[in-house]
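Encoded as structure tokens, here's the structure I'll be asking about.
These numbers come from the heavy atoms of this one structure, side chains and all, not from hydrogens, waters or symmetry mates. In each ligand, atom 1 is the first atom listed, and ligand 1 is the first ligand listed.
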Amino acid sequence: MPSAAALTGTVHVPTSQVLVRALFVGLVASALIGVPFVLRYWNEVKAAQRDALIEDRHHVELGSRITAQTLQAVVSDLRYLSDQNELKELLAEDTAPHRTRLAQEHAAFLRQKPEYDQVRWIGADGWEKARVHRTATGVEIALPNQLQNKTGRYYFDATMKLEEGQVYVSALDLNVERDRVEEPRKPTLRVAVPLFASDGRRAGILIVNFLAGPMLAELRALTPPGGSNIWLLNAEGYWLLGPGDDVEWAFMYPDRVDRSLAVREPDVWRRLSTEIQGDIDTATGLLTFERFYPLRPGRGAATRARELATSAADSYWIVAAYLPRAVLGAHARELAQQQLVAYALMAGLAFSAAAGLAYLSFRNRALSQLVSHVVDHVPALVSYVDAGERYRFVNRYYETLFGTPRSQLVSRPVREVIGEAAYAEALPRIRTALAGEPVSFEAAIEYSKAGHRDVSVTYAPDVAPGGRVRGFIAVINDITAQKAAERRERERMREVAHATRLASVGELATQIAHEVNQPITAMVTYCAAAQRNVQAESPNNTRLAGLIGAIADEAQRVSAVIRRLRDFVRKGEIAFVATDVNEIVTDSLRLVAGEAVSQQVQVVEQLATEPLRVMADPVLVSQAILNLVRNAIEAVTTSAAGRHEVRVATRRTGHAAEVSVTDTGPGLSPEVVPRLFEAFVTTKPNGLGMGLSITRSIIEAHGGQLRYCEAPGGGCTFTLTLPGIDS
Ligand code: ADP
């Protein structure tokens, strides 16, 4: 709508407040949106850890199986070698050809099995009897002068103590050449069996050096690069396979003996050395471990327990998979980045939405303030009334008119606020408005608090899109002052008209008085001449002289009445004298007595017993009474049947003297009543309509009142009062 758009353009939206609101709402919304992201991230990280753990357990199990199988293969190879005929022959008869044959057998064995470094037969005296070893170029059989005495070596002494069928397995360590660890490192495991001659005599030991390097490489290759690291730890907590060259095989180097897991992570080691398997969440990563006894029965190998040396059976290693936190962290970081991008998008959206909403909200508030301001300053009652006829909104003018704070008007029923009388007037229109029809009307309403008001009202229904009427907007203009002005104007116009008419009546009266006075003066003159004639010609005829005198008196009375009336009508002059109203009434009735008799109307005089003294002009008051009585006589004569009676009564009311004229005539028609006392109002064909107007003027000029009321029998009662004189 163009009007709304124009209004929107005029409102000021406070940018800083919009920004603050947008920021606040945006932050709250972002925080709320963040929760699922964090939860999801958390779950994903946990799931990733769980997956890694499952995988690592698998690696560890695989690692221990590989190791055990390898060792069992070594043991079974050694058994095979110790069972060879060449060896048996040699043990039976130690000759050079037998030794050569054995050495050649062993050389063939070494060539076939690259995982072995040496095969030796060491005699019971500690001397090597036959030694075949691997060199850089191939397999070499040691010359007799190269053979050494191994008495005192741990593997020799330990194996020499074993029973037939038992196996010695050394610790896995690095090969040492001339008291130095051989480089590159050669992880070696010595496995030996004691030899017995056919007569049961101890004949030394058969020992192989197994190269554990490939097995360790195989273990290391179990996990893909960039993931978990496979560790192999010995029972003392040293790494055989570990986090780095510098810590692996540390027990072989006198200066590195403290580089063990046992020393570095005592807490971790405590669990590794006491539990068979488990997972540890360490400070630096996730460790999954399993302790295993490679030569114990039950790990799928054919070795029988009784064949093993106690030390070998009890020796154990720990295979562990270590997943550094950095690896886990990298995955988590990647995940976090994805989540962050999605979150940033959502949060951006939330902020934009918040900004939009904040702008709209502030603009709407500004608009509503503007509209309220306008509505408040309209000099009319503006309100919104709901379908339940309760005020939902009232403008400030209501406060002014009803003297009640707006807060107390809102939500109160219309009926209660404007009062019963006003509500009764408005109700039909309210119903129309609530039926969906706009209404406009003018009314004089009696409000409960605001009093009498002339109002111009418009009810505009508020119709919902579905057609339901939700309420209506009421705009009520207080036109009391305007109406009063109009009334005053009408009154003034009437007064002007009245004055104009009276002026012309005054002129007329003056002319009539002038015209009538001439013949009356002439009459008086003729009467005087006639009297003189009667006195001269028949002085005894006193009766005639009396009659002529009476005519002259009446003529003079008429002349006086005309003069008095003329003076009153023209100049408002009144000749006040102290007089008794009863007397005026009696005089007046005397004047109409003849008329009444001829019209067969009975005039009843009911005078107060006391004199009713007033200051008045008897001629004018008499005219006033005569007017009323004549109208009454005329009225009763028009009604065909019934009593023809005119009753004239006087009495004292308080300080006033009261005269009432009541007739048995037909009474007044309703349309005459409101304008009864106006000049020129008449229902008679020859009437002037001046009688009552002049009568009232005369009485009011005396400070009295002239009233009309219906007589009990249906005729009229005219009552005049005149202020009395305090006696
Ligand atoms: P006029 O007598 O010339 O008509 P008035 O001013 O005396 O003028 O009376 C005005 C009108 O009032 C009369 O025309 C008549 O209709 C009515 N009226 C006055 N007095 C009476 C009455 N006593 N009974 C019935 N109607 C009356």
Nearest non-hydrogen atom to atom 12 (O) of ligand 1 belongs to which of Leu676, Asn627, Thr638?
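Shortest heavy-atom distance from atom 12 (O) of ligand 1: Leu676.
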
Identify, for atom 19 (C) of ligand 1, the protein heavy atom at the shortest distance, and state residue, atom and that distance.
Asn631 ND2, 3.5 Å

In the protein, which heavy atom is nearest to atom 6 (O) of ligand 1, and how far is it?
Leu692 N, 2.9 Å

For ligand 1, note which part of Thr695 has a heavy atom under 4.0 Å away: side chain, backbone, both or neither.
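Neither part.
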
Does ligand 1 have any atom that is closer than 4.0 Å to a heavy atom of Phe677?
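No.
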
Mind checking whether Gly687 has an N or O less than 3.5 Å away from an N or O of ligand 1?
no

Considering distance alone, does some N or O of Ser693 sit under 3.5 Å from an N or O of ligand 1?
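It does not: no N or O of Ser693 is found under 3.5 Å from an N or O of ligand 1.
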
Val681 neighbourhood, listing ligand 1 atoms whose heavy-atom distance to it stays under 4.0 Å:
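In order of number, 10 (C), 11 (C).
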
Subset of ligand 1 atoms that lie under 4.0 Å from at least one heavy atom of Ala632
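Those atoms are 23 (N).
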
Evaluating non-hydrogen atoms only, which member of Leu668, Leu628, Val629, Thr662 is closest to atom 18 (N) of ligand 1?
Leu668

Just by distance, no angles: are the side chains of Asn627 and Thr695 close enough, under 3.5 Å, to form a donor-acceptor pair?
yes

In this structure, does ligand 1 have an atom that sits under 4.0 Å from one of the heavy atoms of Val672?
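Val672 does not count as a contact of ligand 1 under the 4.0 Å cut-off.
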
What I want to find out is whether Glu658 reaches Arg652 closely enough, with some N-O distance under 4.0 Å, to be called a salt bridge.
no

Can you tell me which residue and heavy atom of the protein come closest to atom 23 (N) of ligand 1, and the distance to 0.1 Å?
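Protein heavy atom with the smallest distance to atom 23 (N) of ligand 1: Asp663 OD2, 2.8 Å.
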
Check each of Gly667, Gly689, Gly691 against atom 1 (P) of ligand 1 and report the one with the nearest heavy atom.
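Nearest heavy atom to atom 1 (P) of ligand 1 lies in Gly689.
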
Would you call Gly665 a ligand 1 contact, heavy-atom distance under 4.0 Å?
no

Not counting sequence neighbours, which residues clear salt bridge (Lys or Arg N to Asp or Glu O under 4.0 Å) with Asp580? List them please.
none

SB check Arg488 Glu491 (cutoff 4.0 Å)
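Salt bridge: no.
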
May I ask you to check whether Thr719 and Ser660 show a side-chain donor-acceptor distance below 3.5 Å?
no

Quick check: are there more than 12 heavy atoms from other residues, nucleotides or ligands sitting under 6.0 Å from CD of Gln705?
no

What verdict does the side chain to side chain donor-acceptor pair (under 3.5 Å) test give for Tyr423 and Glu389, after you've listed the backbone C-alpha separation in whole Å, the side-chain angles of each residue and the deciding distance to 0.1 Å?
CA-CA 11 Å; Tyr423 181 70; Glu389 294 183 24; 2.6 Å; yes

Just need the protein heavy atom nearest to atom 16 (O) of ligand 1, so name the residue and atom and give the distance.
Thr683 OG1, 2.3 Å

Results of ring pair (Phe, Tyr, Trp, His ring centres under 6.0 Å) for Tyr384 - residues two or more places apart only
none

Among all the protein's non-hydrogen atoms, which is closest to atom 2 (O) of ligand 1, and how far away is it?
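Of every protein heavy atom, Lys684 NZ, 2.7 Å lies nearest to atom 2 (O) of ligand 1.
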
Looking only at protein heavy atoms, identify the closest one to atom 4 (O) of ligand 1 and say how far it is in Å.
Thr682 OG1, 2.5 Å

I would like to know whether Asp376 and Arg406 meet salt bridge (Lys or Arg N to Asp or Glu O under 4.0 Å); could you show each step before the answer?
CA-CA 11 Å; Asp376 266 349; Arg406 259 196 277 195; 3.1 Å; yes

Is the ring pair Tyr459/Phe441 parallel, tilted or perpendicular, if the boundaries are 30 and 60 degrees?
perpendicular

Return the residue, atom name and 0.1 Å-rounded distance of the protein heavy atom closest to atom 24 (N) of ligand 1.
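That would be Ala635 CB, 3.2 Å.
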
What do we get for Val661 next to ligand 1 when only non-hydrogen atoms under 4.0 Å count, side chain, backbone, both or neither?
neither

Side chains of Asp454 and Thr480: donor-acceptor distance under 3.5 Å anywhere?
no

Under 4.0 Å between a side-chain nitrogen and a carboxylate oxygen: does that hold for Arg487 and Glu489?
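The answer is no: the pair does not qualify as a salt bridge.
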
